Structures are given as structure tokens and as C-alpha cells.
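In what follows, chains carry the letters A, B, and so on, assigned in the order in which the sequence lines appear, proteins first and then strands, with residues in each chain numbered from 1. Quick caveat: nothing in here was measured; it's all calculated off a predicted structure.
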Protein chains: 2
Amino acid sequence: MKAVSCQDCGLRKFEVFRANTKEEVDFIQAFKRKHVHLAAGKLIVREADSADLYTLYSGWAFRFKTLSDGRRQILNFLLPGDLIGLQDQVAEVSPHGVEAVTDVELCQFARDGLWDLFRNFPSLGYDVTWLASQEERMIDENLLSVGRRTALERIGVLLMHLYKRSIALGVAVDGRVPFPINQQHIADAIGLSLVHTNRTLRRLYKLGLYEVREGWLALPRPGALERLAEYFETPVRRRPLI
Amino acid sequence: MKAVSCQDCGLRKFEVFRANTKEEVDFIQAFKRKHVHLAAGKLIVREADSADLYTLYSGWAFRFKTLSDGRRQILNFLLPGDLIGLQDQVAEVSPHGVEAVTDVELCQFARDGLWDLFRNFPSLGYDVTWLASQEERMIDENLLSVGRRTALERIGVLLMHLYKRSIALGVAVDGRVPFPINQQHIADAIGLSLVHTNRTLRRLYKLGLYEVREGWLALPRPGALERLAEYFETPVRRRPLI
DNA sequence: CGAATTTTTGAACCAATTCAAGTTCGGTGG
DNA sequence: CCACCGAACTTGAATTGGTTCAAAAATTCG
């Protein structure tokens with residue numbers, strides 16, 4: 001099943017993504033094994049299991065780690081265009097799990113083909129590194145939140161962050177962006193309990209700083225939220241797509 | 001000043017580091033600009049400033065982020081062989097600072113030379129990605145700690161982690177490894193206050209699970225500490241060195 | 001419509017912070 | 001050699017931000 005060819009890739013139409021040469025896209029096409037559909041809630045990568053390399057084509061997912069008693073930490077959320085499983089190419093076994101939030105489509109790449117990519121197209125190798133560095137920056141920011149920010153600030157940063165990423169992707173409608181995660185996801189991402197996450201969200205809502213309706217997020221006063229959260233990162237202008 | 005040539009690199013003698021071909025080492029040598037000495041406590045990279053690419057040649061350092069009111073989060077510790085400033089090649093401005101814990105020596109590389117490296121030596125490009133992924137895994141683990149582990153577990157994981165990295169480097173003497181950080185560093189790394197970090201360390205000490213004397217760390221019962229911290233990662237066998 | 005999931009709220013409790021004050025350690029100069 | 005100084009470590013007491021347990025209200029979905 002190869003439902004989507006890389007030459008006609010729907011994601012490439014978005015202007016966040018840097019253009020590739022025809023040769024590069026042809027190589028990516030050859031590198032691609034299948035186009036995979038997976039239902040919401042399914043595991044894309046199992047913890048402590050070997051894993052393939054994917055690009056998330058549509059939908060949302062998240063990377064996570066768990067402890068034996070069930071405590072779970074969401075490391076970061078994955079949106080269309082994000083690479084999945086790079087760390088697993090380097091390790092024998094995946095140090096984290098990946099779960100689909102919504103129904104997702106994935107571009108699955110050739111196992112062990114990563115080295116070929118670097119050798120044949122150094123420019124694509126560079127792009128992979130770019131994406132890895134980018135992801136690391138997001139996790140750094142999350143670590144700062146979880147380690148040092150108050151509950152209100154943490155949620156503020158997370159909402160702003162996801163909002164900006166969606167805006168960059170160009171999927172906003174009327175200033176609202178799709179928001180498929182629930183409060184348990186938020187709690188797991190910011191290192192707080194569900195109950196306290198709920199109370200804090202309620203507080204933010206009463207301050208008129210956020211609103212979720214029918215799976216869409218609005219931030220009525222983004223400037224105020226940015227100041228409260230002390231989070232001013234500008235969204236990435238243009239980024240690679242593999 | 002080019003005090004250390006890459007061909008005679010002191011680090012390459014350690015067996016943790018993968019061997020490179022003569023051509024690769026020659027390229028790295030050409031890529032290197034200077035050998036830098038910096039005193040303990042000095043900044044290697046300023047937050048929100050542009051930065052070069054380095055490899056830490058000797059000593060310890062750490063990456064960190066701060067908030068405007070002084071709250072500081074240490075993202076991870078850097079030991080000899082670690083790359084510094086990769087994220088900054090991708091961003092215009094460094095999203096984090098880097099500070100020397102001890103006196104350090106650094107191999108400073110050509111600004112903007114990273115793309116040449118990928119083009120001329122894809123194998124080295126692959127190595128850079130490998131190191132980036134490796135660092136991300138460490139931060140993932142730290143995020144799990146700070147988000148979900150108890151104070152005792154967090155400290156346990158950090159101590160085990162640093163201990164194992166030093167063992168891998170082969171710098172242990174009599175089961176003890178150099179431990180140049182103080183309790184404030186530990187507190188900043190695990191997202192707890194200095195006071196609570198101290199109390200928790202004291203508790204670990206009374207359990208006979210750790211001991212620091214004259215800047216050297218010993219873990220008398222590593223198995224017990226691993227179980228308590230639920231941290232079983234095996235140290236990396238062999239890794240690239242740029 | 002009814003069942004399941006998600007969100008919301010209350011109340012008791014606890015882990016961690018803050019503030020404050022000692023104590024010990026390492027180094028430096030008289 | 002020891003007295004002194006600053007930095008790092010240690011401890012106590014009061015407070016607070018966040019958790020846990022429990023249950024109700026709202027929403028989603030078959």
C-alpha cells in the first residue's frame with residue numbers, strides 16, 4: 001500500500017516546510033516502504049521494543065516513558081511532519097513509547113536505511129540532524145517547565161507552544177486550532193496530577209486566557225498568556241521535511 | 001594556539017570512543033579552529049547568544065536554562081567527548097547556556113563548517129546525529145525523573161547516571177569516580193530546592209547508598225540504588241567522537 | 001437513551017518550599 | 001601554625017503547592 005507518493009506529498013504544500021530538490025524527493029520516495037494508517041490510541045512504538053523510522057503524515061501523537069507502577073511522563077507531542085524513531089536507530093531498543101492521539105497516517109521508511117540516506121544525500125542527513133536538534137530544544141523547554149515553572153506557567157507554556165506549532169502549520173481557522181488532547185494528556189506532559197491540572201485550567205479559563213470547544217483551542221489574549229508563562233519562543237519559520 | 005592535534009587526541013585513547021579512519025581524523029583536524037582553556041564557573045555559551053560548535057576535551061560542564069527571576073534548570077551534564085552547541089547551529093541564537101563546572105579544555109570548531117562536514121564526510125555527519133540522539137535520550141530520562149519520580153528516586157537516577165558515564169569513560173579509581181558538582185548543581189538538575197536536595201542526600205547516605213569524599217563519588221551498593229531508582233540503563237558501549 | 005469517558009469540585013493530607021540559623025570545610029594570610 | 005573568611009552543607013519550624021481519595025456533573029458515543 002503506497003497511498004501517498006512523496007512527489008505529491010500533501011505536507012509539502014504547506015509553506016513551513018522547506019522545498020527539496022527533485023532528486024531528494026525521489027530518494028525519499030525510494031526510502032519509503034509503506035503508508036500506514038493507525039487508529040487513535042494505538043501504539044506506534046512500544047517501549048523497550050525495536051522500532052522503524054517514520055514521519056508523521058497526519059494526526060497527532062506523543063512520545064512517552066513510563067515507570068513500572070504506571071506513572072507516565074509525556075516527553076513531547078508530535079505533529080504532522082515530525083520524525084518518529086530516530087533515537088531508536090541509534091539504540092538497539094526504543095527508550096520510549098509513541099502513541100497516536102488521533103487517527104494517524106505514517107510514512108514508514110526502510111529499516112537500516114538511514115545510513116544510505118546520509119551517504120547518498122548529505123543534505124538530507126543534515127535535515128535529519130536539524131529535526132533532531134529541533135526536537136531536543138522542545139524537550140529542553142519542557143524540562144524547564146516541569147522542573148522550575150509553577151502549575152499556571154506550565155500550562156500556559158504548553159498551550160502557547162501547541163498553539164504556535166499549529167499556527168505555523170497553517171491549520172488555524174478563525175484563530176482556533178485543532179486540539180485533540182484531553183486533560184490527562186496535559187497532566188502527563190507537565191508533570192502534575194489530573195486533579196491539579198483541571199483546577200489550574202479552570203483558573204486560566206476564568207482569567208479569560210484559554211478556551212477549548214469541540215476539540216478546538218482558542219487563546220483570546222495570547223500576549224497576556226505569553227507574559228504569564230514567560231514564554232516568547234518564535235515558531236520556526238521553515239523546516240525540513242523527510 | 002593548537003595545543004592538541006586530533007591525530008594525537010588524548011580522548012581517542014579511551015576505548016569508549018569508536019575509531020575513525022585517518023581521513024576522518026584529518027578532516028576533524030582541519031575543522032578544528034583552536035584549543036581553548038576556560039576556568040571553572042565560566043560561561044562557555046551565553047543564553048540567547050550565538051555560539052560556536054565545540055567538543056568538551058576535558059573537565060565537566062552543564063547546559064541550563066533560566067527564567068527571568070533566577071530560577072534555573074540544569075538540562076544535562078557534559079563530560080569529555082560531548083558535543084556542545086549543535087542546537088545553536090540550527091537556531092540563530094542559543095536557546096540555553098553552557099557553564100564550566102571545573103576548569104575545562106574545549107576543541108573549538110569552524111563556525112558554519114558543519115555543512116561541509118556532512119557533505120565531505122557523511123560518516124561524520126551520521127556521528128553528529130548519533131551524538132544528538134544520545135543527548136536527547138539523556139534529557140528524556142531527566143524529564144521522566146523531574147516529572148514523575150520522587151525526590152529519592154531522582155537523586156538515585158542522577159547519581160547512577162553520572163557514575164556509569166564516568167565508569168564508561170574509564171576514569172574510575174578503586175570504584176570511585178570524580179564528582180566535581182555540589183548540592184546546588186544537583187538541586188538545579190533534578191528540579192528540587194537546595195534544602196530538600198540536602199535532606200534527601202542525607203537520607204541516601206544514611207541508607208549507605210552513596211558517599212562523596214574529597215570530590216570523589218562512591219556507590220557502595222549500586223544494585224540497591226538501581227532498584228530504588230528504577231533505573232537500569234546500560235552505559236553506551238562505544239560512541240563516536242568528533 | 002444509557003453507558004462510558006471526561007471534566008469538575010470538595011476535603012484531608014503530605015511532599016516539598018521557604019525562611020532562618022548553625023555547622024563544617026577549604027583556603028589564605030598574618 | 002592557627003585564626004579567620006567565605007562557600008558549602010546541615011538542621012529546625014512554619015507554610016504552601018500539589019496529591020489523593022471520593023463523588024458528582026457534564027459530555028461523548030454506540
Nearest listed nucleotide, side chain of Arg202(A), among dT9(C), dT17(C), dA16(C): dT9(C)

Starting at CZ of Arg199(A) and ending at P of dC21(D), how long is that distance when rounded to a whole Å? 14 Å

For the pair made of CZ in Arg149(B) and P in dA15(C), what is the distance, rounded to whole Å? 19 Å

Over how many whole Å does the gap from Asp69(B) atom CG to dT18(C) atom C1' extend? 14 Å

Atom-pair distance (CG on Leu201(A); C1' on dT9(C)), nearest Å: 14 Å

Minimum side-chain heavy-atom gap Leu152(A)-Arg203(A) below 4.5 Å: yes

Is the His96(B)-Phe64(B) ring centre distance short of 6.0 angstrom? no

Toward the 5' end of DNA chain D, which comes first, Lys206(B) or Arg203(A), by nearest nucleotide? Lys206(B)

Compare side-chain N and O positions of Asn198(B) against OP1 and OP2 of dC9(D) and report whether any pair is under 4.0 Å apart. no

Using whole Å, what does the distance between atom C1' of nucleotide dA26(D) and atom CZ of Arg213(A) come to? 16 Å

Between dC9(D), dG18(D), dA20(C), which one does the side chain of Gln183(B) approach most closely? dC9(D)

Taking side chain as C-beta onward, heavy atoms only, is Glu105(A) less than 4.5 Å from Val36(A)? no

Given dG18(D), dT18(C), dT9(C), identify the nucleotide with an atom nearest to the side chain of Arg154(A). dG18(D)

Side chain of Val195(A) only, please: which of dA16(C), dC19(C), dC21(D) is the nearest? dC21(D)

From C-beta outward on Asn182(A), which listed nucleotide comes closest to its side chain: dT6(C), dA13(D), dT20(D)? dT6(C)

Which nucleotide in the set dA11(C), dA8(D), dA16(C) lies at the smallest distance from any side-chain heavy atom of His196(B)? dA16(C)

Between dT10(D) (P) and Gln184(B) (CD): distance, integer Å: 14 Å

Specify the residue among Gly215(A) and Thr150(A) whose closest nucleotide of DNA chain D lies further upstream toward the 5′ end. Thr150(A)

What nucleotide, of dT6(C), dG10(C), dT18(C), holds the atom closest to the side chain of Ser193(B)? dT18(C)

Over all strands shown, is Leu192(B) touching base, sugar-phosphate only, or nothing at heavy-atom distances under 4.0 angstrom? sugar-phosphate

Salt bridge or not between Asp82(B) and Arg63(B)? Use side-chain N to carboxylate O under 4.0 Å. no

Assert: residue with more 5' nearest nucleotide on DNA chain C, out of Leu194(A) and Arg148(A), is Leu194(A)

Using atom OH of Tyr205(A) as one end and atom P of dT6(C) as the other, report the distance to the nearest whole Å. 21 Å

Spacing of Leu204(A) atom CG relative to dT7(C) atom C1', expressed in whole Å: 16 Å

Under a 4.0 Å N-O cut-off, is there an ion pair linking Glu99(B) with Arg72(B)? yes

